[in-house]
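A quick write-up on the structure given underneath.
The structure presented is a predicted model; accordingly, all values stated were derived computationally and were not measured. Each chain gets a letter, A, B and so on, in the order its sequence line appears, and its residues count up from 1.
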2 protein chains.
Amino acid sequence: MDSAAPQSPAGLRTTPTWLLNQTATHASRLLSEGFAAHDLRGYHYRLLTALAEDGPASQADLGRRCGIDRSDVVAAINDLAGRGLVVRAPDPADRRRNVISITDDGTAEARRLGHTLDRVQRDLLAPLSATERDQLTRLLTRLLAHHSRQ
Amino acid sequence: MDSAAPQSPAGLRTTPTWLLNQTATHASRLLSEGFAAHDLRGYHYRLLTALAEDGPASQADLGRRCGIDRSDVVAAINDLAGRGLVVRAPDPADRRRNVISITDDGTAEARRLGHTLDRVQRDLLAPLSATERDQLTRLLTRLLAHHSRQ
DNA sequence: ATCCGATCGTGGGTCGCACCAACGATTACT
DNA sequence: AGTAATCGTTGGTGCGACCCACGATCGGAT
């Protein structure tokens, strides 16, 4: 992006959807750069964090919790398992399922990724005061809640 | 997404970057659906709007104004020109450039797209009061301004 | 106990958006 | 005159978010 988007059309510059997408793009770029330092991507972070916080789960469950498609979970878990950050084991109670568990290495990596996330967070919200950050968070939370429930 | 993202990991649910990306994803989905009804996409809308508002321009200029890469402008303008919404003509004053102008059909389509955009806007911001919408807009504008200037 | 529908993992795709590299042609700088 | 910068264009890459279809397995109804 760099020197791009110096002056978007007036009809866009004030539209919330445009603003939302632009800031999200910036945030995504920052996140990608941060995660890239760990040689991982957003999907990996979401999955690792979900496992670290809520314990082992099936791939379908992980997908639902993280908002990732089942088929995309497969690939991401493959990566994580290949790195030893996660273990895939058949569920003895339901032979359709795999139980995914985070390893110690995975937990450590998740913690490191968390620090990266925090740093990105601060960079992103740098121009906002603490109360403004809360405001933004609350507004976005409400939007999200409204649009994901039904 | 549908039934997805019912409960994201706690570590994500409150992070602004996550909220931003999620709401932006929702907004993008709404926008895509809206634009799809016109058989167009986001890039087309941005370009058409820029042309409608600020008059004819070279492709490189359009790219800079809309935050679209030069190479992506080529394809989008091809589409628009193929639909007769836009005209591509060589610039007599600078033979490197093409001058892109919007046609009457293009102007009409831009107006229709604008209405779609407005509807999406209202859908997206439905759960927010007028002052809250302003708040959100102002916060996002400040974030964007901070991150695109240097 | 059998059948039917739902669920799971997996592999194969598509699409949109944001980027990058490189080329020939042309223009601007000095 | 010679070099640097710009423009349009082609042809890539990567990420995220989807979709469909398959075989295997499980659950509930009969």
Next on the checklist: Once you apply a heavy-atom cut-off of 4.0 Å, does A:Arg70 come out as touching a base, just sugar-phosphate, or nothing?
Outcome noted: base
Item to check | Position toward the 5' end of DNA chain D (nearest nucleotide), A:Pro92 or A:Arg46 | outcome: A:Arg46
Checklist entry - Is A:Arg41 salt-bridged to A:Asp79, going by a charged N under 4.0 Å from an acidic O? => result yes
Item to check | Atom pair distance, as rounded to whole Å: CG in A:Asp69 and P in C:dT14 | outcome: 16 Å
Checklist entry - Do the side-chain N and O atoms of B:His26 and B:Arg29 include a donor-acceptor pair separated by under 3.5 angstrom? => result yes
Checklist entry - Whole-Å distance between C:dC19 P and A:Arg29 CZ? => result 7 Å
Checklist outcome for this item: Separation of D:dT25 atom P from A:Gln59 atom CD, nearest Å, is 16 Å
Item to check | Rounded distance (Å) that lies between atom P of C:dC17 and atom CG of B:Leu40 | outcome: 11 Å
Item to check | A:Asn98 or A:Asn21, whichever maps to the more 5' nucleotide of DNA chain C | outcome: A:Asn98
Checklist entry - With sugar-phosphate meaning primed atoms plus P, OP1 and OP2, does A:Asp72 contact a base, only sugar-phosphate, or nothing at under 4.0 Å between heavy atoms? => result base
Checklist entry - Got a donor-acceptor pair under 3.5 Å from the side chain of A:Arg96 to the base of C:dT7? => result yes
Checklist entry - How would you label the contact of A:Asp94 with the nucleic acid (heavy atoms, under 4.0 Å): base, sugar-phosphate, or nothing? => result sugar-phosphate
Next on the checklist: By the 4.0 Å heavy-atom rule, please label B:Arg41 as base, sugar-phosphate, or nothing.
Outcome noted: sugar-phosphate
Next on the checklist: Tell me the interatomic distance from B:Asp61, atom CG, to D:dG8, atom C1', rounded to whole angstroms.
Outcome noted: 13 Å
Checklist entry - Quick one: do B:Leu30 and B:Leu128 end up in the same hydrophobic cluster if we chain Ile, Leu, Val, Met, Phe, Trp and Tyr together by side-chain heavy atoms under 4.5 Å apart? => result yes
Next on the checklist: If we count only N and O atoms by modelled type, under 3.5 Å, do the side chains of B:Asn98 and B:Ser58 hold a donor and an acceptor together?
Outcome noted: no
Next on the checklist: Can you measure B:Arg97 atom CZ to D:dA5 atom P for me and round it to whole angstrom units?
Outcome noted: 16 Å
Checklist entry - Taking atom P of C:dC8 as reference, at what distance in whole Å does atom CG of A:Asp91 sit? => result 11 Å
Checklist entry - Atom CD1 of B:Ile68 to atom C1' of D:dT9: distance rounded to whole Å? => result 16 Å
Next on the checklist: Determine whether a donor-acceptor pair (one donor, one acceptor, N or O, separation below 3.5 Å) exists between the side chain of B:Ser71 and the base of C:dC20.
Outcome noted: yes
Item to check | hbond_proxy A:Thr25 side chain to C:dC17 base (donor-acceptor, 3.5 Å cutoff) | outcome: no
Checklist entry - Heavy atoms under 4.0 Å, any strand shown: does A:Ser32 hit a base, just sugar-phosphate, or nothing? => result nothing
Item to check | Presence of A:Arg95 side-chain N/O under 4.0 Å of C:dT7 phosphate oxygens OP1/OP2 | outcome: no
Checklist entry - Would you call B:Asp39 and B:Arg83 a salt bridge, taking side-chain N to carboxylate O under 4.0 Å as the test? => result yes
Checklist entry - What does A:Ser58 touch in the nucleic acid at a heavy-atom separation under 4.0 angstrom: a base, only the sugar-phosphate, or nothing? => result sugar-phosphate
